[in-house]
Amino acid sequence: MSDPFEHFEDQQLSHELLEKHRGDLAEEARNFISQNADAEPVGLILEAGSSEARAFMQSIAQASGQERNAPGFLGVVPRAFAVEILRANLPAALDNLPNGELGAKLPVLVATKGGFRFAEIEYSRWG
């Protein structure tokens, strides 16, 4: 029988990161859809040192043509971009990526050194 508290610290950390950055991600999602009406946003909270952070940071650098010196990432990206990176680096996670609801619910990937989880945060298109 596995220990139900085996990953408690990772779960707690991901919850704390989500709560800490909820408002910033909601604001960024509103800004994102005001500039990209046809693209669904996905929020990312990528802790430095997580395997997901490395894959996303490499892809962001390739897409932008600029190397980023940030070890982690907090922000919003188009869903198509997030799906592409997950498909290449963490395909099993795609089954758990929430669909979201444009202008109402933002799917969020929270990646820590100990693993990842998905969540949704509610936001209003109009603030």
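Because the structure is a prediction, the values reported are computed rather than measured. Residue indices begin at 1 and follow the sequence shown.
Here the side chain of E47 pairs a donor or acceptor atom with the backbone of K113 at under 3.5 angstrom. A donor-acceptor pair under 3.5 Å links the side-chain atoms of Y123 to the main chain of G103, judged by distance alone. Judged by distance alone, with hydrogens and angles left aside, the side-chain atoms of E120 form no donor-acceptor pair with the main-chain N or O of P107 at under 3.5 Å.
Using a 4.5 Å cut-off on side-chain heavy atoms (C-beta onward), L94 and V83 make contact. Contact of the L17 side chain with the L74 side chain is not registered, since no non-hydrogen atoms from C-beta on lie closer than 4.5 Å. With a 4.5 Å cut-off on side-chain heavy atoms, P98 and V42 do not count as touching. Looking only at side-chain heavy atoms (C-beta outward), V110 and L46 stay at 4.5 Å or farther from each other. Side-chain contact check for P41 versus I33: some heavy-atom pair is nearer than 4.5 Å. Counting heavy atoms from C-beta on, the side chains of L18 and I121 come closer than 4.5 Å. With a 4.5 Å cut-off on side-chain heavy atoms, L109 and L97 do not count as touching.
Minimum interatomic distance between G43 and L25 (heavy atoms only, all atoms of both residues): CA-CD2, 4.3 Å. Across every non-hydrogen atom of A39 and L102, the tightest pair is O-CD1, 4.1 Å. A29 and V76 make their closest contact through N-CG2, 3.9 Å (heavy atoms, listed as atom of the first residue, atom of the second, distance). Shortest non-hydrogen contact noted between L86 and A93 is CD2-CB, 4.3 Å.
Interatomic distance, OG of S50 versus CZ of F73, reported as 12.0 Å (0.5 Å rounding). A distance of 11.5 Å separates CD of E16 from CD1 of I45, quoted to the nearest 0.5 Å. Atom CG of L13 and atom NE2 of H15 lie 11.0 Å apart (nearest 0.5 Å). Once rounded to the nearest 0.5 Å, the distance linking CZ of R22 with CD of E122 reads 8.5 Å.
Side chains of Q58 and Q62: a donor-acceptor N/O pair is absent below 3.5 angstrom, by distance only.
The ring-ring contact (aromatic ring centres under 6.0 Å, His included) test applied to F118 returns F116, not counting sequence neighbours. Partners of E40 under the salt bridge (charged side-chain N to carboxylate O under 4.0 Å, His left out) rule, at least two apart in sequence or in another chain, are R79.
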